[in-house]
Amino acid sequence: MKIHEYQGKELLRKFKVPVPAGDVAETPEEARKVADSLIEGPFVVKAQIHAGGRGKGGGIKVAGSPEEVEEAARQILGMTLVTPQTGPEGRLVSRVLVEQAQEIDREMYLGIVIDRSLARPVIMMSAAGGMEIEEVAAKTPELIIKEAVDPAPGLMGYQARNLAFGVGLSPHLLRPAVSFIDNLYRLFITLDCSLAEINPLVVTKSGEMLALDAKINFDDTALFRHHDLAALEDPEEMDPLEHEARKHHLNYIRLSGNVGAMVNGAGLAMATMDLIKAAGAEPANFLDVGGGASAEMVTNGFRIILGDPNVKGVLINIFGGILRCDVLANGVVEAVKQVQVKVPIIVRLEGTNVEQGREILNNSGLTFTVATDMRDAAQKVAALVG
Ligand code: ADP
Ligand code: MG
């Protein structure tokens with residue numbers, strides 16, 4: 001789960017990671033009030049969307065006075081901001097963060113991620129701040145200093161010092177840097193983050209270390225441990241179909257192809273996507289309805305697949321184990337009653353109660369093509385969508 005910069009900065013404050021003074025606003029008038037409450041200008045007005053590269057798209061403006069803040073907020077709020085990370089469709093801006101502008105001496109990068117091969121959090125720091133870290137990694141990997149942390153004893157003092165020395169911080173900044181890294185690591189672990197990225201982390205002309213940006217992602221599977229974090233989710237930023245799927249506890253991920261796929265089990269779903277691609281078509285989604293799905297979940301899943309206007313054909317690939325084929329068939333029939341189906345459906349059913357399942361589908365009045373096996377199913381659907 002992703003959150004906005006302003007929400008990330010509130011969390012950073014709680015964990016004693018220094019950030020500029022500021023607050024979020026939803027109207028130009030509110031933005032001006034935030035500026036009034038800050039000591040003095042200049043100020044920065046920043047569009048709040050779940051994507052970076054905002055400066056380049058006109059989503060970050062410097063303002064000298066509260067009046068100028070109001071004006072900048074008027075320009076940014078309601079705009080569809082296009083950045084290198086949003087795709088050409090851009091994102092609608094509904095909030096801005098108004099904060100104290102900083103006089104920057106140097107910009108650095110600090111990020112924490114889980115390294116899956118090491119099975120540990122890795123802290124990365126780089127003197128090349130402000131740039132995309134992927135670009136730094138590709139062109140000048142020697143500029144990235146890394147420390148993998150053993151989660152049992154936690155972050156060691158020497159590791160934080162290695163990072164700080166590695167990016168060439170002067171000795172008087174060592175202490176603030178070590179506590180900055182320490183506190184960010186504590187936030188990362190305590191909140192079950194999958195990413196905590198400060199880009200840029202700056203040293204100001206007056207020698208302060210501050211997080212100027214904050215990108216914090218949470219591990220969805222750990223959200224049940226943090227009920228207060230769920231409230232930070234912004235439905236406007238989510239794909240509406242994925243949002244709907246989450247409500248029904250369905251594992252649905254929207255993709256860019258045109259073959260909708262309804263499958264039980266994540267492994268089978270991935271294999272099905274591979275077969276669709278091998279047959280020359282592109283999957284429109286990943287959907288694992290789960291091993292023990294009810295007819296109602298199948299109905300919702302089918303409705304969500306068809307909610308994507310790109311879908312030109314649906315492949316139902318079910319191996320009836322715990323989810324019986326008759327339950328699946330009833331769910332599909334129920335869904336078809338609720339939504340108009342204008343696209344061809346290919347079904348491959350095997351396993352428990354497969355005969356009843358086929359019969360239910362046969363008697364439903366619904367037209368569909370039965371496939372003999374998985375490969376046949378993928379080839380049939382690929383041929384149908386052209
Ligand atoms: P994004 O990652 O979306 O481009 P950032 O928050 O990283 O947005 O901001 C982009 C740049 O804008 C920063 O690298 C920094 O130079 C400048 N900036 C952001 N916030 C401030 C601030 N409070 N004071 C001064 N400059 C800022
Ligand atoms: Mg940034």
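Every number for a ligand or one of its atoms is a count from 1 in the order of the listing. Note that the coordinates shown come from a computational prediction; the quantities given were computed from them, not determined experimentally.
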Undergrad: If I take atom CD1 from residue Ile144 and atom CD1 from residue Ile133, how far apart are they, to the nearest 0.5 angstrom?
TA: 4.0 Å
Undergrad: Just let me know how Arg54 lines up against ligand 1, side chain, backbone, both or neither, with a heavy-atom cut-off below 4.0 Å.
TA: both
Undergrad: Give a yes or no on whether a salt bridge exists between Arg54 and Glu5, defined as a side-chain N under 4.0 angstrom from a carboxylate O.
TA: yes
Undergrad: Checking Asn317 against Arg348 for the side chain to side chain donor-acceptor pair (under 3.5 Å) test, could you report, in this order, the C-alpha distance in whole Å, the side-chain angles of both residues, the deciding distance, and whether it holds?
TA: CA-CA 5 Å; Asn317 185 13; Arg348 179 260 178 175; 2.9 Å; yes
Undergrad: Have a look around the Mg ion (ligand 2) and list protein N/O/S atoms under 2.8 Å, or say none.
TA: Asn199 O, Asp213 OD2
Undergrad: Protein heavy atoms: any of them under 4.0 Å from atom 25 (C) of ligand 1?
TA: yes
Undergrad: What atoms of ligand 1 come closer than 4.0 angstrom to any heavy atom of Gly52?
TA: 3 (O)
Undergrad: Could you tell me, atom by atom, which parts of ligand 1 come under 4.0 Å of a heavy atom of Glu99?
TA: 20 (N), 22 (C), 23 (N)
Undergrad: Considering distance alone, does some N or O of Val44 sit under 3.5 Å from an N or O of ligand 1?
TA: no
Undergrad: Yes or no: does Lys46 have any heavy atom under 4.0 Å from an atom of ligand 1?
TA: yes
Undergrad: Show me which atoms of ligand 1 lie under 4.0 Å from any heavy atom of Glu107.
TA: 13 (C), 14 (O), 15 (C), 16 (O)
Undergrad: Considering only heavy atoms, does Val202 approach ligand 1 within less than 4.0 Å through its side chain, its backbone, both, or neither?
TA: neither
Undergrad: May I ask you to say whether Lys61 pairs ionically with Glu71, meaning some side-chain N is under 4.0 Å from a carboxylate O?
TA: no
Undergrad: Whether Asp234 and Lys2 form a salt bridge (side-chain N of Lys/Arg under 4.0 Å from carboxylate O of Asp/Glu) is what I want to check.
TA: no
Undergrad: Enumerate the atoms of ligand 1 whose separation from the nearest heavy atom of Pro200 is less than 4.0 angstrom.
TA: 7 (O), 13 (C), 14 (O)
Undergrad: Return the minimal non-hydrogen interatomic distance between Phe43 and Ser65, and the atom names on each side.
TA: CE1-C, 3.8 Å
Undergrad: Just by modelled atom types, is the Gly320 backbone N or O under 3.5 Å from a matching donor or acceptor in the Thr352 side chain?
TA: yes
Undergrad: Of the side chain and backbone of Val62, name the one, both, or neither that has a heavy atom under 4.0 Å from an atom of ligand 1.
TA: neither
Undergrad: Would you say the side-chain atoms of Asp239 pair up with the backbone N or O of Glu242, donor to acceptor, closer than 3.5 Å?
TA: yes
Undergrad: Nearest protein heavy-atom contact for atom 2 (O) of ligand 1: which residue, which atom, what distance?
TA: Asp213 OD2, 3.0 Å
Undergrad: Between Glu233 and Arg246, does at least one N-O distance fall below 4.0 Å, as a salt bridge requires?
TA: yes
Undergrad: Between the side chains of Asp376 and Lys380, is the shortest nitrogen-to-carboxylate-oxygen separation below 4.0 Å, so that they form an ion pair?
TA: yes
Undergrad: Quick test of your reading of the model: are Lys14 and Glu10 salt-bridged, counting only N-O distances below 4.0 Å?
TA: no
Undergrad: Could you tell me which atoms of ligand 1, counted from 1 in the order shown, lie closer than 4.0 angstrom to a heavy atom of Ala101?
TA: 24 (N)
Undergrad: For ligand 1, indicate whether the residue Gln100 contacts it via side chain, backbone, both or neither (heavy-atom separation under 4.0 Å).
TA: backbone
Undergrad: Considering only NZ, NE, NH1 and NH2 on the basic side and carboxylate oxygens on the acidic side, decide whether Glu70 and Arg74 come within less than 4.0 Å.
TA: yes
Undergrad: Distance under 4.0 Å to a non-hydrogen atom of Gly53: what atoms of ligand 1 satisfy this?
TA: 1 (P), 2 (O), 3 (O), 4 (O)
Undergrad: Any idea which atoms of ligand 1 are less than 4.0 Å away from a heavy-atom of Ile104?
TA: 16 (O), 26 (N)
Undergrad: Strictly below 4.0 Å, N to O, side chains only: are Arg375 and Asp373 in salt-bridge contact?
TA: no
Undergrad: Applying salt bridge (charged side-chain N to carboxylate O under 4.0 Å, His left out) to Arg91 and Glu236, what does each step give before you reach the verdict?
TA: CA-CA 9 Å; Arg91 297 277 172 81; Glu236 267 182 44; over 6 Å; no
Undergrad: Relative to atom 12 (O) of ligand 1, which among Asn199, Ile60, Leu212 owns the nearest non-hydrogen atom?
TA: Ile60
